[in-house]
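Have a look at the structure below, then the notes.
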Amino acid sequence: MRTAATTILTGTLAGAMLVATSASAQSDRSDWPDNFTVGTASQGGTYFVYGSGWANLISDELDISGGGEVTGGPTQNLALVHGGDVAFGLTTMGPASDAVSGESPLAPGMEMDNVCALFPMYETPFSITALADSGIESISDIPDGASIGFGPAASTSDTYFPAILEELGVDFDRRNGGWSDLGGQLQDGLIDVIAFAAGIPIPAVSQLEVQTDVNIIEFTEEEQAKVLESFPVSEFMIPASTYETLEEDARAVSMWNFAIAGCNLPEDFVYEVTKLTMENNDRMMDVHRTAETSIPENIKFNTVLPFHPGAVRWYEENGYEIDDDLKLN
């Protein structure tokens, strides 16, 4: 028979258990930061949309205050994460390679060893466009002294595409500017070529296709192999469906983008962030459609940064191997 005393005792025990559980959960988060920031890039770009949306997902699900912050992009994000100015950031593998080897243009000689990888984001393809009436149909057709637009100064494109073309023997006059502005210059005959490193389809190229005839120039197998050997890039094929101009897939190279974290962030915190991100790809794709490739199978494309111990724990618990040389010592 259930008496009033029994009911009171049961309620008291249940309340005590709830308090104990809450206290335990709170103690598990005792070393978590009170808030966090994700370093992205300029407003309107993929990094800002992706990073801010990801930050909101973390904040909502883990009940911690956080958000995206406008920055100078991949190179600055590495410096901000290394210095502890932001907890998380977004970067590409090229700037990451420079940062860990002490070759970052923002801090020459400083090996940024407080930057750890979290998860793969998406690829940034390197592609080349010229007007059809220019007669430029291949990289080897680019004449000596051609004026080539490489995008905004100090961007991933401007940092690596000139070096890539130099490796392939192209002599050029370097130009910078926003992609839309460079597209207008190409159409007006003020520059000869645009060398893009940007997510596809590139709006400036799509707009050019509507207004004039263009050539989207692919790498030969030999050119691709030479670039793969010399730069932190991967093989890539631009699908023919990307542009009206393409009749078949076009060979290119790409540089992977990864989310990064300060290596000194609490392991449990980063574990929960990794778990949330990797187990909810549908929600990540709601943030930005490029997150289709933000899946654990693509961790293999990081060969530069050590993975954060919290991320390593989640990957290994779920059957994904991390090379020993990509773990913190």
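Please read all numbers here as calculations on a predicted model, not as lab measurements. Just so you know, these numbers use all the heavy atoms, side chains as well, and skip hydrogens, waters and symmetry mates.
- Side chain of Asp192 to main chain of Ser147: a donor-acceptor pair is present (N/O by atom type, distance under 3.5 Å, no hydrogens or angles).
- In this structure, Leu208 CG and Ile202 CD1 are separated by 10.5 Å, a value rounded to the nearest 0.5 Å.
- Here the side chains of Asp173 and Arg175 are in contact, with some heavy-atom distance below 4.5 Å.
- Note on Arg283 versus Glu61: salt bridge recorded, some NZ/NE/NH1/NH2 to OD/OE distance being below 4.0 Å.
- Within the 3.5 Å criterion, the main-chain N or O of Leu265 finds a donor-acceptor partner in the side chain of His308.
- Within the model, atoms CD of Glu223 and OG of Ser140 stand 6.5 Å from one another, a figure rounded to the nearest 0.5 Å.
- Using cut-offs of 30° and 60° on the angle between ring planes, the pair Phe161 and Phe219 is parallel.
- Checking side-chain atoms of Asn77 against main-chain N and O of Gly73 turns up a donor-acceptor pair under 3.5 Å.
- A tilted orientation is assigned to the rings of Tyr50 and Tyr122, their planes being inclined by 30° to 60°.
- With contacts defined as side-chain heavy-atom distances shorter than 4.5 Å, the pair Leu305/Val100 qualifies.
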Mind running ring-ring contact (aromatic ring centres under 6.0 Å, His included) on Phe269 and Phe88 for me, showing each step along the way? CA-CA 12 Å; Phe269 174 48; Phe88 303 114; 5.8 Å; yes
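- Listed for the Thr91 side chain is a donor-acceptor partner under 3.5 Å among the backbone atoms of Pro74.
- Side-chain atoms of Thr242 never come within 3.5 Å of backbone atoms of Ile238 as a donor-acceptor pair (strictly under, hydrogens ignored).
- Following chains of ILVMFWY side-chain contacts shorter than 4.5 Å, one cannot reach Val287 starting from Leu118, and the two form parts of different hydrophobic clusters.
- In this structure, CE on Met121 lies 9.0 Å from OG1 on Thr293, to the nearest 0.5 angstrom.
- Less than 6.0 angstrom separates the ring centroid of Phe150 from the ring centroid of Phe172.
- Using a 4.5 Å heavy-atom threshold, the side chains of Ile136 and Ser134 count as touching.
- In this structure, Glu321 has no salt bridge (charged side-chain N to carboxylate O under 4.0 Å, His left out) partners at least two apart in sequence or on a different chain.
- Using a 4.0 Å cut-off between charged nitrogen and carboxylate oxygen, Glu221 and Lys226 do not count as a salt-bridge pair.
- Between Tyr320 and Trp314, the ring-plane angle classifies as parallel under the 30° and 60° cut-offs.
- A side-chain donor-acceptor contact under 3.5 Å links Glu218 to the backbone of Arg251.
- Looking at Ser157, its side chain never comes within 3.5 Å of a backbone N or O of Phe196 through a donor-acceptor pair.
- Residues Pro162 and Arg174 are in side-chain contact: their nearest non-hydrogen atoms beyond the backbone lie under 4.5 Å apart.
- The line from OG of Ser230 to CD of Glu167 is 4.0 Å long, rounded to the nearest 0.5 Å.
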